[in-house]
Amino acid sequence: MQFKRRTHTCGELRETNIGETVTLNGWVNTRRDLGGLIFIDIRDRYGITQIVFEPTFNAEAHRLAKELRNEYVISVEGIVRKRPADTDNAELPTGHIDIMANKLIILNEAKTPPFPIEDEIDTHEETRLKYRYLDLRRSKLQKNLLLRHKMYMLARKYFDANDFVEVETPVLMKSTPEGARDFLVPSRLHKGKFYALPQSPQQYKQLLMISGLDKYFQIVKCFRDEDLRADRQPEFTQIDVEMSFVNQEDVFETVEGLMRLMFKEIWNKELQLPLPRLSFDEAMEKYGSDKPDLRFNLEMVTLNNVFVNTNFKVFKDQIESNGIITGLLAPGCGEYTRNQLDVLTDFVKKLGAGGLIWMRVKEDGLDAPIAKFLSDEEKLNIISKLSAKTGDLIFILSGAKLKALNIMGALRLEMARRLELIKKDAQPQLLWVTDFPLFEWDDETKRYFAMHHPFTSPRIEDVQYMESEPGKVHARAYDLVLNGSEIAGGSIRIHSAELQAKMFKALGISDEEAESKFGFLMKAFQYGAPPHGGIAFGFDRMAMIFAGESSIRDVIAFPKTASAVSLMDDCPSEVSEAQLTELYIRVRK
RNA sequence: GGGGUCGUAGUUCAGCUGGUUAGAACGCCUGCCUGUCACGCAGGAGGUCGAGGGUUCGAGUCCCUUCGGCCCCGCCA
């Protein structure tokens, strides 16, 4: 098909172009057929320009324009003209001009799209995902992809300027049993053997440090075969970073520099450095989360001290069994009805709490179902500890420490929603959470797991407890948290064979097991491993927050549904018997 | 694996206690219309009520099973 190369994009023409003969190519955004006069808005990713078809100007073009429908692909040649007085459209950057068409070519017709190509649509996501290529025509999603592109460029420029080297690591790698479920890739050349897709290039980047690359980064796809969430996809992108001869402060400095750049270039905001830090313990006690949202206050308060000598059995038991009693003040909620309180009780019960204790703060004291079990002194202390005022509502949860704090953290977020504490224009809150526990107790298997990964270095001063009290050992691990989302996480790694052996021992991994699972890495460590550490950003999540979206899918071109399916191309799908045979695979029924 | 929620026209939804031919808006089609930009006016077409089964004289509506979207818990070193 013959058509002229465009002279301008659809967002480009201004009054300075008046009188020029131009050619635009694009999609029909809307048509307004007035009979004798036809207006067509032509759209490409740069913008929208109004075309006018007038029979006295060009009868042939006008005749053909009658056939135009939404989403037809067209090429238009015409003359840029100032719009007649009072017909300007201030909404459009191109709204002071229009194009008198003297030549129209229909490059392609289009079926009526299943949903309108415009920003504010309320079409179900299912339909949008099925026709993702149409969804991506909408300027909102295009804007998100452009923002994502800008973030790639900023990251690459930043790391390059700081002497980092981008190195590609394998996508087909060895399956490692720790961590998330691997996606497996069967080998045709090796019967019964499998590659795994990387959960992250963790081992490779450590090997690159041993190789002396010194400063490495990579924008890289990672894969985890776990259940999805609004902010989790089975394949996702990391900015992976590793550095040699560094401590935690060096990593922080590097990351903070990048974040300052992103804040400036994406949001035009000055980021105050250094970033605030919270220890894991502090974050859990105050906010009930290892990724606290600091855009609002509502701090939780640990009340164990108030109840050291209590007669209330529930609290007494918790204190004796090393549990926690945590309180949350809901300002001005003292008038919550029984029904509202039941809903909130139900909310925490669904998260695994035994129940929810509530107290209305009245002029003359606390009005609560458990009031009769508490001494006057305890009541006064609750009020003062939480700085409660008349008309407030107090929540108290007790239980095993991390579990109770987690549930209260969820309630904190729920109350913030109900009280609308997160304003739309709230300043973004970025912080470090540090000093994570090195180990995490797993009740099911009755053993400790590495909270981060088994190569994470303990704090030097805690090494002495690794055998006696593993639960007490803190890691040199850290997370970067933005508005209540973890956007990056990393650690200083173990680089000594001796300490690594201690770590495996604490994890209950035998020498043989360590050898078969991580032997290649252990071996490499014997050839002069420098002290090193790093971090990895959840790029999609970061893009989501910078774009102001609430789902990661809105910053990914072709995302999968919550059940890990691509509705557009219908994958995963079955494969032919021949393919399976070649891979020595039989599907179990 | 568990909890919540949704599924009716191309789209977004309404549809009461089970009862005549399942409605509205937008979109779509046809005609009219020379300054629209949410164009206007007139007319029209369009339905596997997610699927399967059951109860009933009768099911969009009640029951059971099942599929799918979204959110959350578990899971995500």
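Every chain is numbered from 1 and lettered A, B, ... according to where its sequence line falls, protein lines coming before strand lines.
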(message) If the cut-off is 4.0 Å, is A/T561 near the phosphate of B/rG69, judged by side-chain N/O to OP1 or OP2?
(response) yes
(request) Examine the base of B/rC37 for any acceptor or donor lying under 3.5 Å from a partner atom in the side chain of A/D41, and report the outcome as yes or no. (result) no
(request) For A/E125 and A/R128, run salt bridge (Lys or Arg N to Asp or Glu O under 4.0 Å): C-alpha distance rounded to whole Å, both residues' side-chain angles, the deciding distance at 0.1 Å, then the answer. (result) CA-CA 5 Å; A/E125 199 172 357; A/R128 291 174 43 207; 5.0 Å; no
(message) Would A/K205 and A/Y216 count as a cation-pi pair here, with the cationic atom under 6.0 angstrom from the ring centre and within 45° of the axis?
(response) no
(message) Tell me if the side-chain of A/R69 makes a donor-acceptor pair with the base of B/rC29, cut-off 3.5 Å, by modelled atom types.
(response) no
(request) Could you tell me whether the phosphate oxygens of B/rU36, OP1 or OP2, come under 4.0 Å of any side-chain nitrogen or oxygen in A/R32? (result) no
(request) Give a yes/no on whether any side-chain N or O of A/R541 is located under 4.0 angstrom from OP1 or OP2 of B/rC76. (result) no
(request) Using the C1' atom as the reference point in each nucleotide, state the distance between B/rA22 and B/rU30 in Å, no decimals. (result) 26 Å
(request) Could you work out which one of B/rG10, B/rG68, B/rC29 sits closest to the side chain of A/P114? (result) B/rG10
(request) Counting heavy atoms from C-beta on, name the nucleotide in B/rU34, B/rC70, B/rC33 closest to the side chain of A/T56. (result) B/rU34
(request) Would you state whether a donor and an acceptor, one from the side chain of A/R128 and one from the base of B/rG69, lie under 3.5 Å apart? (result) no
(message) Suppose we define a pair by two distances each less than 3.5 Å, Watson-Crick or G-U wobble; what does B/rA14 pair with here?
(response) none
(request) Report the C-alpha separation of A/E549 and A/N144 in whole Å, then their side-chain angles, then the decisive distance to 0.1 Å, and conclude whether the side chain to side chain donor-acceptor pair (under 3.5 Å) test is met. (result) CA-CA 9 Å; A/E549 297 288 359; A/N144 287 352; 2.9 Å; yes
(message) Does B/rC73 have OP1 or OP2 under 4.0 Å away from a side-chain N or O of A/R229?
(response) yes
(message) Can you check the distance between B/rU36 and B/rU17, where both ends of the measurement are the P atom (answer in whole Å)?
(response) 49 Å
(request) Using a cut-off of strictly less than 4.0 Å, decide whether A/S563 has a side-chain nitrogen or oxygen near OP1 or OP2 of B/rG69. (result) yes
(request) Indicate whether OP1 or OP2 belonging to B/rC70 is found under 4.0 Å from a side-chain N or O atom of A/H124. (result) no
